[in-house]
2 protein chains.
Amino acid sequence: MARATVQDVAKTAGVSVGTVSRVLNKSPAVSESSKEKVTAAIRQLNYRPLASARDLRRDRTLRILALAKNLNSPIISEAFRGVGDAAASSGYVSLIAPTAGDPEREQQLVDMLRNGSVDGLIMFSPTMPDEDVDEMAEQLSVVQVCEIADSEAAFGVSIDDRQAAFDITRHLIETGGRRLAMIGNRAARSGRLREEGFRQAAAEAGISREQTLFAEGEFDFHTGRRLTRELLKADPLPDAVFCGSDTVAAGCVREITDAGLRVPDDIAVAGFDDSVQAEMCVPELTTIRQPAYDMGRLAFEELLARMTVPGVHRRGRTFLPHELVIRDSTKN
Amino acid sequence: MARATVQDVAKTAGVSVGTVSRVLNKSPAVSESSKEKVTAAIRQLNYRPLASARDLRRDRTLRILALAKNLNSPIISEAFRGVGDAAASSGYVSLIAPTAGDPEREQQLVDMLRNGSVDGLIMFSPTMPDEDVDEMAEQLSVVQVCEIADSEAAFGVSIDDRQAAFDITRHLIETGGRRLAMIGNRAARSGRLREEGFRQAAAEAGISREQTLFAEGEFDFHTGRRLTRELLKADPLPDAVFCGSDTVAAGCVREITDAGLRVPDDIAVAGFDDSVQAEMCVPELTTIRQPAYDMGRLAFEELLARMTVPGVHRRGRTFLPHELVIRDSTKN
DNA sequence: TCTACTTTTGGAATCGATTCCAAATTGGAG
DNA sequence: CTCCAATTTGGAATCGATTCCAAAAGTAGA
């Protein structure tokens, strides 16, 4: 049994396709009686309007797509929840796809916006260079979250990464940290901004760059352990480590503990994100809370504005406030 | 500047729309010279075929959708990686959407299959009742992963949850566990199967149902802690706890440790999934490894068969082998 | 009952890419 | 140079839902 079409419904209901379509779209210009006939026919034939035909005619899909490197980042999944809720309340369906950091995969997904498979795009962690994001944003509905390209058409929602890193580093210093270390990721813009904040806080406390340690790598648990192992070879040892994510911080704490040292007494550790990992860690992690859900909501609102008012290319970033969450992994 | 169409490209290249389309679809029946002209025109106009028009005519989208309650389950994100890789190598784009356990949201997403927005559907954790999944599977391309409805048209990919639970429970018994407890989730089919396996292992070891403890709840860290707190009120205390996920197990270990007891000496704890949490926990968790990536790959292959050979409604489940991973949270 | 409305309806045109068929062109053999 | 076959091309028809316009039906007032 092939799929039923408006034609079939019209025939079964004994009305014209126009009337069927009007019923489908809740046009008020339909008599009660034909509305009933059409509704009955739709049920009888188990009819669903074909998305591609509708999209073609209407020139929009009411779908948006979010792109992220991977799905298991707690910040991303929380932000995406915000996107989804905001989208739903505006009648949009929101989908997400991981790029795995593969430029080809990313390109293929971005093409979904170019070819009209979706109306808008939310980018969490672009792999493509800033210029490309920029160029795309010129003509298409794109909003960035967390990672915002530093360019002309920069636009999107995030926290102030530099300030957040500054705040938490200052906390480390205020609680006695002098020999500071950071585990960061220079591949990401946010990572570079956090490094800036870290260095600025150190500098303001009169700690020279040479007294400072820096290790670089991806933000996963095992990398955290490995990089910490490197840091622990330093002499003198660091007494405070700022990590770019809670997961890395968990690895850091683990490695310190395994080395027979105590957190925070010997070495204080700070994370970033306030994910559940921060609470799972022993001791629980001092960290930076990102308002991920709200960032997602706001990102969708921004996107909606771009999609519906085509001329509007509201520029600029929106920064949401972060929060320093102090727990037991740093002294007090 | 509006979007260019095949018509525009044809005019610019000085050929007919048919020829343009043939170039787009790499038909061999095009002369070298017109291919060049068309390619040049496409580049000049920055032309992209409109997805909805193509989909309408071709009656397929080369897109699939995966549904899950939430995105941050490590098993789901790993399985989805498998889906994505398999899909990509067959020319499909795979998208994912969280339902948040909301039936309305789920319905809306399932409608994307019904209305032809996507060609196939992979369900990780359905909220709808088994009958509905079953009915849907009768006519549409749907494959289940991890959670498989227990019904006529049952089909999908998972591990043998009962056997896995049996195996790990037997391990708990073999390492001295007598007073067994389980933290499970009866809301999910897999949860019920795991409970069966747990009980079967206990029974075979001559442990009566009354000697056994059971706590029920969602699979997150805080629930794990709360339920463990309940279990620790029992007298005598349990000496081995099987948890339905590593995250719950981490909460369980934490609560036990905070109560001044030792894992595994006083109470052994086992997890499930072999996610990174299992290694982050101290002590590291004995757990069951699920071949999530392969489950995802296989699920897509199954789906592909259903999508391309419409008559084929291959029934049945595919079980992939699990693996007992023994670490320090259980005695040896 | 007739006029002047408003409400409701039918159906053709439309969106843009693909595909099929017939026509045009090319190439090679004789 | 002719003829037949193979290659290439143009363009109309098609996919299914929406929308616009004109026509039909309904309603109210006089």
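All values below come from the heavy atoms of this structure, side chains included, with hydrogens, waters and symmetry mates left out. Residue numbers begin at 1 in each chain, while the letters A, B, ... track the order of the sequences.
- Residue B:Ser34 is in sugar-phosphate contact alone, with no base atom involved, counting any heavy-atom pair closer than 4.0 Å across all strands shown.
- Taken over five-pair windows at either terminus, the axes of the helix from C:dT1-D:dA30 to C:dG30-D:dC1 are inclined to one another by 40° (rounded to 10 degrees).
- Bracketed by its first and final contacts, the part of DNA chain D lying under 4.0 Å from non-hydrogen atoms of chain B reaches from D:dT8 to D:dG16 in 5' to 3' order.
- No engagement by A:Asp55 is indicated, since no non-hydrogen atom pair under 4.0 Å with the nucleic acid exists.
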I would like to know whether B:Asp161 and B:Arg192 meet salt bridge (Lys or Arg N to Asp or Glu O under 4.0 Å); could you show each step before the answer?
CA-CA 9 Å; B:Asp161 281 287; B:Arg192 295 194 290 277; over 6 Å; no
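- Interatomic distance, A:Leu45 CG to A:Arg3 CZ, rounded to the nearest 0.5 Å: 12.0 Å.
- Between A:Phe124 and A:Phe80, a ring centre-to-centre spacing not shorter than 6.0 Å is recorded.
- Across all strands, B:Val20 comes closer than 4.0 Å to no nucleic acid atom at all (heavy-atom distances).
- Expressed to the nearest 0.5 Å, how far CZ of A:Phe300 lies from CD1 of A:Ile122 amounts to 7.5 Å.
- The structure places CD1 of B:Ile96 at 8.0 Å from OG of B:Ser77, a figure rounded to the nearest 0.5 Å.
- Between B:Leu56 and B:Val17, the residue whose closest nucleotide on DNA chain D is further toward the 5' end is B:Val17.
- Under the 4.5 Å side-chain criterion, counting only non-hydrogen atoms from C-beta, A:Val20 is not in contact with A:Gln7.
- Using a 4.0 Å heavy-atom distance criterion, A:Arg58 is classed as a sugar-phosphate-only contact.
- A cation-pi arrangement is present between B:Arg306 and B:Phe155, with the terminal nitrogen or guanidinium carbon under 6.0 Å from the aromatic centre and inside a 45° cone about the axis.
- Summarising the geometry, atom OG belonging to B:Ser190 is positioned 10.0 Å from atom CD1 belonging to B:Ile148; distances are rounded to the nearest 0.5 Å.
- Nucleotides of DNA chain D nearest to B:Pro28 and A:Pro49 differ in position, and the one nearer the 5' end is that of B:Pro28.
- Nucleic acid contact for B:Asn25: sugar-phosphate only, since backbone atoms but no base atoms lie under 4.0 Å from a heavy atom of the residue.
- A side-chain N or O of B:Ser117 and one of B:Asn115 form a donor-acceptor pair less than 3.5 Å apart.
- Heavy-atom minimum distance, B:Arg22 versus B:Val30: CB-CG2, 3.6 Å.
- In this structure, CG in A:Asp119 is found 11.0 Å from CG in A:Leu121, a value given to the nearest 0.5 Å.
- Using a 4.0 Å heavy-atom distance criterion, B:Ser21 is classed as a base contact.
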What's touching nucleotides 23-26 of chain C from the protein side, N or O pairs under 3.5 Å?
none

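- Using a 4.0 Å heavy-atom distance criterion, A:Leu50 is classed as a sugar-phosphate-only contact.
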